[in-house]
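Convention: sequence-line order gives letters A, B, ...; per-chain numbering from 1.
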Amino acid sequence: MRVPIASLGPHMDGQRVRICGRVQRVRHKRKIAFVVVRDGSFDDVQLTIKDPELLKLAEKLDRGYVICAEGIVKASKIAKKGYEMIPEKIEVLSKSEVPPFDPFVDVDHTILAKRLDRRVLDLRNPRNRAILVLKGLVTRYMREYLYSQGFIEVHTPKVTITATEGGAEVFPVKRFDREAYLVMSPQLYKQMVMATGIERFLEVGPCRRAEKHHTKKHLNEYFGLDIEMAFATDEDAMKLLEDSIRYAAEKIFEDHERVWRVLNEKFEPPEKFDRITYDEAREILKKKGFEIPRGEDFGADEERALWNEINKPFFITKRPRSARPFYVMRLDEDPKYTKGFDLIYRVELASGAQREHRYEKLVENIKDKGLPLESFRYYLEAFRYGMPPHAGRGLGLERLMMGLFGIDEVRECVLFPRTVDRLTP
RNA sequence: GCCCCGGUGGUGUAGCCAGGUAGCACGCGGGGCUGUCACCCCCGAGACCCGGGUUCAAAUCCCGGCCGGGGCGCCA
């Protein structure tokens, strides 16, 4: 039976095993050959071949070949890892052409665009694959935490007729004979769910934005981990966000060391998040030479400056009205400010709010923003028959990866990224 | 949407400013090698994005196109 390569070790000296994986490197001499095989367990093993028959076969092996090998594990002082495998049988399951670059050697000095053109090869590099594996694990543990808090999972539609929520542009699509749009976020549907009697739910799904960004932190298609909960405030949403992220980080830290070490040896779960208000953030920035007029949002330089100053994840609360969408609740005592917040963790990776659940105020807000009431008709109707107060947040999974593991390129956090000019692979 | 920068074998680059034989490393093909581990050694093939202009001569200077990279705005 096949065993993971990561399970091998000197302690298995003398045992017979079968491994399957991909040839990472072949080194042969006339009478001895070394074949390094790697599998999905984030480890490799050296097959040492002296048998004349296998030697003949080994000469035909090349990088990329998919093989299985059966043989004896042998503790060895000469082998770098302290053990190696002496195969008795090697089967070739699939051959490989010469790849355009070697994912084990060239990836570090091949520009990202070329790596993304051959993404499957690129992902053979353990570090690059580890990002995706960890992204899956982060998603799993975030869900796990939310489930433990009584959340269920729902799925909102990804095509709609609402051209904008304000903010980003959307992609038009042809829907039979009608014009429709890919949804930029589940926001409107999330709030409508709050009128159904479902009180706490999450959704993991794609968000599409038609913005021609050229930055290290923007995608035209990203995955959002959204939640919405009834009878809750912005404070509740922030606490849940912090608790779920820290839970996921701690689980990964404890249970998946082999994977995170491949990506970032210095990975540590974050300490407790800070909280500052928008106005406090402006004060900090002022001391660092950035004058931000009240009501204006922070730019990239300001965000970086705040991160460098605080140097751990922090919420910015009480965002000004002008920089928030219509569905965010204003403070009754000072309508210039809202119950909206952002989470900064190296980059801005989540934003949320207590929402406006009062029909009249919501209508007023939409008008204030200059948006067409008509295209929100279906949304607004949900607020006319009893809507509990509610709060929620959207979180960019790719950006969470950037924050947690110190990745500075968002495209590395997606299987097949969709950016301005990239529709393939 | 605005602003910068770039395009040399399969990959990464040198050469460009100051025009004159396109160099290097890895990879690839052939050969050698009993302990390698980005193995090593010998031999070989392989490239100036496209079009126009200037010039005795263009990878190099100029113009246009195409393609790519980066920063900002906005956001997650």
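The side chain of A/Lys31 approaches B/rU34 more closely than any other nucleotide in the set B/rU36, B/rU34, B/rG70. Nearest to the side chain of A/Lys114, among B/rU11, B/rA38, B/rC28, sits B/rU11. Closest contact between the side chain of A/Glu348 and the listed nucleotides B/rG69, B/rA38, B/rA76 involves B/rA76. Each of B/rG35, B/rC33, B/rG10 was ranked by its minimum atom distance to the side chain of A/Arg30; first place goes to B/rC33. In the set B/rG35, B/rA76, B/rG73, B/rA76 carries the atom at the smallest distance from any side-chain atom of A/Arg399. Across B/rA38, B/rG70, B/rG35, the shortest atom-to-atom separation from the side chain of A/Glu409 is found for B/rG70. Each of B/rA76, B/rC28, B/rG35 was ranked by its minimum atom distance to the side chain of A/Ala79; first place goes to B/rG35. Distance from the side chain of A/Gln46 is smallest to B/rG35 among B/rG35, B/rG27, B/rA76. Residue A/Glu84 places its side chain closer to B/rG35 than to any other of B/rC28, B/rC75, B/rG35.
By the neighbour-count criterion of 12 heavy atoms within 6.0 Å, atom CD of A/Glu179 is densely surrounded, having more than that number from other residues, nucleotides or ligands.
The separation of B/rG29 from B/rC67, taken at their P atoms, amounts to 34 Å, rounded to a whole angstrom. The gap from the P atom of B/rC40 to that of B/rG35 amounts to 14 Å, rounded to the nearest Å. Nucleotides B/rG12 and B/rC28 are separated by 16 Å at their C1' atoms, to the nearest Å. Between B/rC50 and B/rU60, the two P atoms lie 10 Å apart (nearest whole Å). The P atoms of B/rG7 and B/rC49 are separated by 8 Å, rounded to the nearest whole Å. Taking atom C1' on both B/rU11 and B/rC4, the two are 27 Å apart, rounded to the nearest angstrom. The separation of B/rG10 from B/rC48, taken at their P atoms, amounts to 9 Å, rounded to a whole angstrom. B/rU54 and B/rG19 have their C1' atoms separated by 11 Å, with the value rounded to a whole Å.
Just one of A/Val26, A/Leu57, A/Ile86, A/Ile90 meets the side-chain contact (heavy atoms from CB on, under 4.5 Å) condition when paired with A/Ile49; it is A/Ile90. Checking A/Glu409, A/Glu412, A/Met402, A/Glu398 one by one against A/Ile131, the side-chain contact (heavy atoms from CB on, under 4.5 Å) holds for a single residue, A/Glu412.
Annotation: of the two residues near RNA chain B, A/Arg422 and A/Thr48, the 5′-most nearest-nucleotide partner is A/Thr48. Positionally, the nearest nucleotide of RNA chain B for A/Pro100 lies more toward the 5' end than for the other of A/Pro100 and A/Asp421.
Put simply, CD on A/Glu59 is 12 Å from P on B/rU34, counting in whole angstrom units. In this structure, the CZ atom of A/Phe298 is 17 Å from the P atom of B/rC72, given to the nearest Å. In this structure, NE2 of A/His28 is placed 12 Å from P of B/rG32, rounded to the nearest angstrom. Atom CG in A/Leu47 sits roughly 17 Å away from atom C1' in B/rU34 (whole-Å rounding). Per the geometry, CG belonging to A/Asp44 stands 18 Å off P belonging to B/rU36, to the nearest Å. In this entry the distance linking CG of A/Leu116 with P of B/rG68 reads 13 Å, nearest Å. Between the CD atom of A/Gln24 and the P atom of B/rG27 there is a distance of 14 Å, rounded to whole Å.
At the phosphate of B/rA76, OP1 or OP2 sits under 4.0 Å from a side-chain N or O atom of A/Ser351. Taking only side-chain nitrogens and oxygens, A/Arg63 comes nearer than 4.0 Å to OP1 or OP2 of B/rC28. Side-chain N/O atoms of A/Lys212 include none lying less than 4.0 angstrom from OP1 or OP2 on B/rG73.
Under 3.5 Å, the side chain of A/Lys29 and the base of B/rG35 form no donor-acceptor pair of N or O atoms. Put simply, the side chain of A/His213 and the base of B/rC74 share a donor and an acceptor less than 3.5 Å apart. The base of B/rC74 sits with one of its N or O atoms less than 3.5 Å from a complementary donor or acceptor on the side chain of A/His218. For A/Glu97 and B/rG10, a side-chain-to-base donor-acceptor distance below 3.5 Å is absent, hydrogens and geometry of angles not being considered.
Within 4.0 Å of A/Ile78, counting heavy atoms only, lies at least one base atom of the nucleic acid. Within 4.0 Å of A/Arg115, counting heavy atoms only, lies no atom of the nucleic acid at all. Heavy atoms of A/Arg304 sit under 4.0 angstrom from primed sugar atoms or phosphate atoms, though from no base atom. Backbone-only contact: A/Arg411 has heavy atoms under 4.0 Å from sugar-phosphate atoms and none from a base. A/Arg209 comes within 4.0 angstrom of a base, heavy atoms only. Using a 4.0 Å heavy-atom criterion, one finds that A/Lys216 contacts the sugar-phosphate atoms exclusively. As judged by a 4.0 angstrom heavy-atom cut-off over every strand, A/Asp297 is placed among residues touching the sugar-phosphate backbone only. Nucleic acid contact class of A/Glu303 (heavy atoms, under 4.0 Å, all strands): base. Residue A/Leu219 is classed as a base contact, given a heavy-atom separation below 4.0 Å to a base.
Taking the centre of each ring, A/Tyr327 and A/Tyr379 stay at or above the 6.0 Å mark.
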**Prompt:** A/Phe298 and A/Phe290: ring pair (Phe, Tyr, Trp, His ring centres under 6.0 Å), yes or no, with the steps?
**Reply:** CA-CA 10 Å; A/Phe298 308 135; A/Phe290 297 94; 9.6 Å; no
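Here the side chains of A/Val183 and A/Thr156 are not in contact, with every heavy-atom distance at 4.5 Å or above. A heavy-atom distance below 4.5 Å is not found between the side chains of A/Tyr141 and A/Ser244.
A parallel orientation is assigned to the rings of A/Trp307 and A/Phe314, their planes being inclined by less than 30° (bins at 30° and 60°).
Put simply, A/Phe34 rests on the base of B/rU36: the two rings are less than 5.5 Å apart at their centres and nearly parallel, under 30°.
When atom types are taken as modelled, the side chain of A/Arg393 and the backbone of A/Ala350 share no donor-acceptor pair closer than 3.5 angstrom.
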**Pairing pattern in dot-bracket form [Watson-Crick, G-U; both distances under 3.5 Å; | = partner strand] for RNA chain B** = (((((((..((((......[..)))).(((((.......)))))....(((((..]....))))))))))))....
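Using a 4.0 Å cut-off between charged nitrogen and carboxylate oxygen, A/Lys312 and A/Glu242 do not count as a salt-bridge pair.
Under the 6.0 Å distance and 45° angle rule, A/Arg246 does not count as a cation-pi partner of A/Tyr145.
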